[in-house]
Asks: 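Here it is: the structure, laid out below.
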Amino acid sequence: MVEPITTLDEFEIEYRHGLGTLMDLNQERFLYETTRDNILNFADAIGDNNPLWTNEEYARQSRFGAITAPPTFIYNFNHGSTPANIGTVSRPVHNLSLLYSGAELEFYQPIHLGDRFTVTGTPVNAVRKPSKAVGSLLFVTGESSYVNQSGELAGIIRTTICHYETPSVKTIEFDRQFRPEITGKSPDTLAFDRQRQGKRKRYWEEVSIGEEITPLEKGILTMTEISRFGILVSPQPRRIQSRREAVELEFEREAHQKRAGLENASDYGPQRVCWLGQLVTDWMGDDGTLKKLSAQIRHPNIIGDVNVLKGRVIRKYIAKSEHLVDCEIWVENQAGLITAPGQAVIALPSLHH
């Protein structure tokens, strides 16, 4: 019988043995092809009603000539978490908890209908850090690459996951107090009540450093919002055999997160990354190109929290003939606490091209 890993030290030793190993992630692909329904499901899961992904007539008149998928749609083929979750660790792991800590994404090709991807991953780093709340933390990073059917690298996700020994404290404390001016809104209504740049070109020359991105409200986080993302953007549909099993999976997630020191069930980390992707694509318009997106998941997003996404332009420059803008972006809860800071690099059209 294989002895399980029961301490963070044991896990770190075995994880480091696998650093640099190329892993075939095709067996855990969530989707096999980019279809119209898959894009609609993904857009619905993150509350992104951008007509570039949802309206065929509108999309035909865009520079793409047809429906495309949001850049973060590559999560729908694979979250890219396995190299950072367990890497090549083969022994069962007991008494350890983990939290999704963020990701860096790079995008090289738009995602078109019919696209298929080969996904490979590599564990690339492990860093130990102290923590007052739960003791020693191990941050591990894995890189996953997405190659389309034409052999083109379409995107990369570098995922970081925090591993730690299951805490004896009841909950991890952080600020969730409602400010007086905050009122919770329905995420269903907010998904359709959104102003976008759309087909109006946002030119690089017209953007100013310090310019604020129009905030994106996501409303109250509910179990429905968490489950919608979990079912439509994760491998769960491939495992669910019945309605009863689906309900059991929801409660299993809640119980697991409470054991990890959370007060209640929280969102999926990639959920907030995809929200930040929407914030940026809404702002840049149909003719902008999202080049890079990153987010650190610093605090949990618990059921009942109210989320708003914000950002501002922090840099303008030209590189390799592209007119680029760097933006500071973040997710903020009802207490004004930034739960997920990040950055984006965007290429915008120029008045001189």
Side-chain angles (χ1 to χ4, degrees), residues 21-46 48-60 62-88 100 103-124 142-159 228-240 268-271 273-278 280-281 286 288-293 347:
T21 302
L22 185 65
M23 305 170 64
D24 180 2
L25 304 182
N26 288 318
Q27 297 305 312
E28 58 179 48
R29 282 186 299 181
F30 308 160
L31 298 180
Y32 288 89
E33 184 176 337
T34 306
T35 68
R36 181 83 171 86
D37 284 345
N38 290 338
I39 295 174
L40 286 173
N41 285 340
F42 181 85
D44 184 59
I46 65 174
D48 184 356
N49 196 40
N50 190 322
L52 272 182
W53 350 117
T54 62
N55 187 309
E56 293 185 65
E57 183 178 352
Y58 180 97
R60 276 197 297 269
S62 74
R63 63 189 171 112
F64 302 106
I67 289 283
T68 53
T72 53
F73 184 80
I74 55 175
Y75 270 123
N76 224 336
F77 280 87
N78 192 295
H79 285 177
S81 299
T82 297
N85 185 355
I86 58 172
T88 59
Y100 189 94
E104 298 177 354
L105 295 83
E106 294 188 35
F107 309 103
Y108 302 102
Q109 302 288 337
I111 302 172
H112 300 282
L113 290 173
D115 278 356
R116 296 166 174 257
F117 294 97
T118 298
V119 188
T120 56
T122 306
V124 296
E143 179 176 293
S144 297
S145 299
Y146 301 74
V147 175
N148 66 21
Q149 69 280 356
S150 299
E152 302 168 319
L153 179 63
I156 291 174
I157 299 180
R158 299 180 186 91
T159 303
R228 182 179 283 125
F229 187 90
I231 290 173
L232 297 178
V233 193
S234 84
Q236 286 189 10
R238 260 48 71 185
R239 297 201 305 264
I240 292 174
Y268 291 86
Q271 199 165 1
V273 178
C274 292
W275 286 354
L276 288 167
Q278 180 192 350
V280 173
T281 54
D286 300 350
T289 301
L290 180 57
K291 309 288 288 185
K292 297 180 181 180
L293 177 72

Asks: If the condition is side chain to side chain contact (heavy atoms under 4.5 Å, CB included), which residues does Y58 pass it with, not counting sequence neighbours?
Replies: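 Counting only residues at least two positions away or on another chain, Y58 forms a side chain to side chain contact (heavy atoms under 4.5 Å, CB included) with P51, L52, N55, K199, D286.
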
Asks: Could you walk me through whether M23 and T122 satisfy the side-chain contact (heavy atoms from CB on, under 4.5 Å) test, starting with their C-alpha distance in whole Å, then the side-chain angles of each, then the deciding distance to 0.1 Å, before giving a yes or no?
Replies: CA-CA 6 Å; M23 305 170 64; T122 306; over 6 Å; no

Asks: With no hydrogens and no angle check, just 3.5 Å: does a side-chain donor-acceptor pair link N26 and D24?
Replies: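 Yes, a side-chain donor-acceptor pair sits under 3.5 Å.
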
Asks: Tell me, please, which residues at least two apart from N41 pass side chain to side chain donor-acceptor pair (under 3.5 Å).
Replies: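 Scan of N41 (side chain to side chain donor-acceptor pair (under 3.5 Å), adjacent residues dropped) gives none.
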
Asks: Sequence neighbours excluded, which residues qualify as side chain to side chain contact (heavy atoms under 4.5 Å, CB included) partners of N78?
Replies: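 Checked N78 against side chain to side chain contact (heavy atoms under 4.5 Å, CB included); matches are L25, E28, V119, Y146.
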
Asks: Mind checking what makes side chain to side chain donor-acceptor pair (under 3.5 Å) contact with T88, not counting sequence neighbours?
Replies: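 In terms of side chain to side chain donor-acceptor pair (under 3.5 Å), with neighbours along the sequence ignored, T88 is linked to no residue.
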
Asks: Sequence neighbours left out, what passes side chain to side chain contact (heavy atoms under 4.5 Å, CB included) with A347? Give chain and number order.
Replies: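 With neighbours one apart ignored, the set is T289, K291, E322, L324.
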
Asks: If we ignore angles and hydrogens, is there a donor and acceptor under 3.5 Å between the side chains of N38 and T35?
Replies: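 Their side chains do contain a donor-acceptor pair, which is all the 3.5 Å distance test asks for.
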
Asks: Under the salt bridge (charged side-chain N to carboxylate O under 4.0 Å, His left out) rule, what pairs show up with a residue in residues 72-86, not counting sequence neighbours?
Replies: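 For residues 72-86, and leaving out neighbouring residues, there are no salt bridge (charged side-chain N to carboxylate O under 4.0 Å, His left out) pairs at all.
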
Asks: With sequence neighbours left out, what residues match E143 under side chain to side chain contact (heavy atoms under 4.5 Å, CB included)?
Replies: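 For E143 the side chain to side chain contact (heavy atoms under 4.5 Å, CB included) partners, ignoring immediate neighbours, are V124, S145, I156, R158.
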
Asks: N49: which residues meet the side chain to side chain donor-acceptor pair (under 3.5 Å) condition with it, sequence neighbours left out?
Replies: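 With sequence neighbours excluded, N49 shows a side chain to side chain donor-acceptor pair (under 3.5 Å) to no residue whatsoever.
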
Asks: Sorted by first residue and then second, give each salt bridge (charged side-chain N to carboxylate O under 4.0 Å, His left out) pair with at least one member in residues 110-120; sequence neighbours left out.
Replies: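 Residue pairs passing salt bridge (charged side-chain N to carboxylate O under 4.0 Å, His left out), neighbours aside: E33-R116.
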
Asks: For F77, which residues count as a ring-ring contact (aromatic ring centres under 6.0 Å, His included) partner, sequence neighbours excluded?
Replies: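 Scan of F77 (ring-ring contact (aromatic ring centres under 6.0 Å, His included), adjacent residues dropped) gives F73, F117.
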
Asks: Under the salt bridge (charged side-chain N to carboxylate O under 4.0 Å, His left out) test, which residues partner E56, sequence neighbours left out?
Replies: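 Counting only residues at least two positions away or on another chain, E56 forms a salt bridge (charged side-chain N to carboxylate O under 4.0 Å, His left out) with R36.
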
Asks: Sequence neighbours excluded, which residues qualify as side chain to side chain donor-acceptor pair (under 3.5 Å) partners of D37?
Replies: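 In terms of side chain to side chain donor-acceptor pair (under 3.5 Å), with neighbours along the sequence ignored, D37 is linked to no residue.
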
